[in-house]
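Structure first, then comments.
Residues: numbered from 1 along the sequence shown. Keep in mind it's a predicted model, so treat the numbers as computed, not measured. Atoms within a ligand are numbered from 1 in the order they appear, just like the ligands themselves.
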Amino acid sequence: MELRLAEVFESICAVQADIDEPLCAYVYDLAALRRHAANLISTLPEGYELFYAIKANSDLPILQTLAPIMDGFEVSSGGELAWVREHFADVPVIFSGPGKLDQELGEAIDQNVDCLHVESFNELRRLAEIAIQTGKAVAILLRINMVVDNLAETSLMMGGKPTPFGISIQQLPECMRWLRAHPEIRLRGFHFHLLSHQLDAQAHLQLVASYLRQVRRWCDAYELEIDHINVGGGIGINYRQPHQQFDWSTFSAGLSALLKNSGLPGIRVRFELGRYITAACGYYVMQVIDIKRSYDKNFIVGRGGSHHFRTPYAQGHSHPFHVIPINAWQYPFPRPEISNEKANIVGQLCTPKDLLAFDAPVKSVRCGDLLVFPYAGAYAWHISHHDFLRHPHPQQWYLPIEEQPHVANQST
Ligand SMILES: Cc1ncc(COP(=O)(O)O)c(C=O)c1O
């Protein structure tokens, strides 16, 4: 997951030099994305598949870069399904997510999704009604929320305790009894996504091993013939210590033995990763508008804010950033600056929650310099409240795989 900072900074400076207002932008490095995704796929052992959870970033150039590489896309709404099918008629799609509407379930059947991940017993029964009406058998996984012994919790838990997600393990016997009487639903296996933000490769190997052990017990107990297990997403990005990222080599090397020793011959294991695939290809850029001191704290005010880049506030971290010095200063008075001090980086919103970095050591920042936040390619623009205060949207461009960058969307 190597960042190409030189290429990214060069393209940012080229755009900045061409405009006469402070820059605010998202830049995505498609070449880096392609290389990263191809590396993940090529290092996965036999028996494993990798889908991309498009909720992390569903921009078309991102999906176009990933479609030829990944085993398929995971969608979590009718909107995501329609978006994928509009542009990728043949890419394998799996459909997860809570609160699916009957209409969405029907569309999933019409659009030939490879597998539907069922979130509740009620959803299962509604799906069966729709399957009967359409006359098609529907392939599903049951998403199970179970307690895992010695589970190391992360900052974002979707299971292993009471949550709105999946079918709790206590309800499984009832679902299994019901499934025996309903051939319109074909159980292909089980789905788990107990957590996100996993940074520890060994802990994640142990989690996958627990899923496989549990599925083996269910296969024996219910005499099941399943073909795959989906072990979700959840591999994290270390925003706090960006030089210590998840150890993919250790993880992928450990996967092979897990499957061989699982007692589940012929079963495939699917991942549906989001953050870990696209976070590193994206950068959020703010040009510094103001620098001020409030009592004992420094504040650097950049163009933009959490309405574009909500990731730091949503995850409660101080986001790392780089500074690109810009030498132009057009005013007849001294340029505000700070050096060798700590500062908070804020945006243009009228709320103290518009905080992107806090107590961050700053070597030197002047008004007019550019702040570049890396790891902004996942759950960044797509989870932000874009129209709060009606500031313009940021510029957005993609460093293409071969040619020169081009600006896709000028701010107004
Ligand atoms: C069911 C499911 N699968 C996969 C993902 C992707 O998770 P991540 O981006 O942490 O890999 C999510 C994220 O919320 C999810 O809910």
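- Residue-environment remark: NZ (K353) stays at or below the threshold of 12 foreign heavy atoms within 6.0 Å.
- Within the 4.0 Å heavy-atom shell around ligand 1 one finds K55.
- Residue G232 places no N or O, backbone or side chain, under 3.5 Å from any N or O of ligand 1.
- Taking the centre of each ring, F246 and Y276 come in below the 6.0 Å mark.
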- Query: Where do N230 and H193 land on the side-chain hydrogen bond (donor to acceptor under 3.5 Å, both in side chains) test, with the steps shown first?
  - Reply: CA-CA 8 Å; N230 185 314; H193 177 75; over 6 Å; no

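- G234 N, 2.8 Å is the protein heavy atom nearest to atom 11 (O) of ligand 1.
- For the pair E272 and ligand 1, the shortest N or O to N or O distance falls below 3.5 Å.
- Salt-bridge annotation for K342 and D359: absent, with no side-chain N of the basic residue lying under 4.0 Å from a carboxylate O of the acidic one.
- At a heavy-atom distance under 4.0 Å, no atom of H117 approaches ligand 1.
- Listed by number with element, the atoms of ligand 1 under 4.0 Å from a non-hydrogen atom of G233 are 4 (C), 11 (O).
- The aromatic rings of Y26 and Y284 lie tilted to each other, with the angle between the two planes from 30° to 60°.
- Where the criterion is an N or O separation shorter than 3.5 Å, residue side chain and backbone included, R275 meets it with respect to ligand 1.
- Among protein heavy atoms, atom 6 (C) of ligand 1 sits closest to Y379 OH, 3.5 Å.
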- Please test S96 against H117 for side-chain hydrogen bond (donor to acceptor under 3.5 Å, both in side chains), starting from the C-alpha separation and ending with a verdict. CA-CA 5 Å; S96 327; H117 301 170; 3.0 Å; yes

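- Nearest to atom 16 (O) of ligand 1 among the protein's heavy atoms is H193 CD2, 3.6 Å.
- Looking only at heavy atoms of the protein, atom 10 (O) of ligand 1 is closest to S196 OG, 2.7 Å.
- In this structure, atom 14 (O) of ligand 1 lies nearest to the protein heavy atom M158 CE, 3.5 Å.
- Residue contacts with ligand 1 do not include Q198, since none of its heavy atoms lies under 4.0 Å from the ligand.
- Counting the atoms of ligand 1 from 1 in the order shown, those under 4.0 Å from a heavy atom of L273 are 11 (O).
- The one candidate from V215, L194, V208, L255 that meets the side-chain contact (heavy atoms from CB on, under 4.5 Å) condition with V231 is V208.
- The part of A53 lying near ligand 1 is the side chain, judged by heavy-atom distances below 4.0 Å.
- Heavy atoms of other residues, nucleotides or ligands lying less than 6.0 angstrom from CZ of R217 number more than 12.
- In this structure, H393 and H386 have perpendicular ring planes: the angle between them is above 60°, well past the 30° mark.
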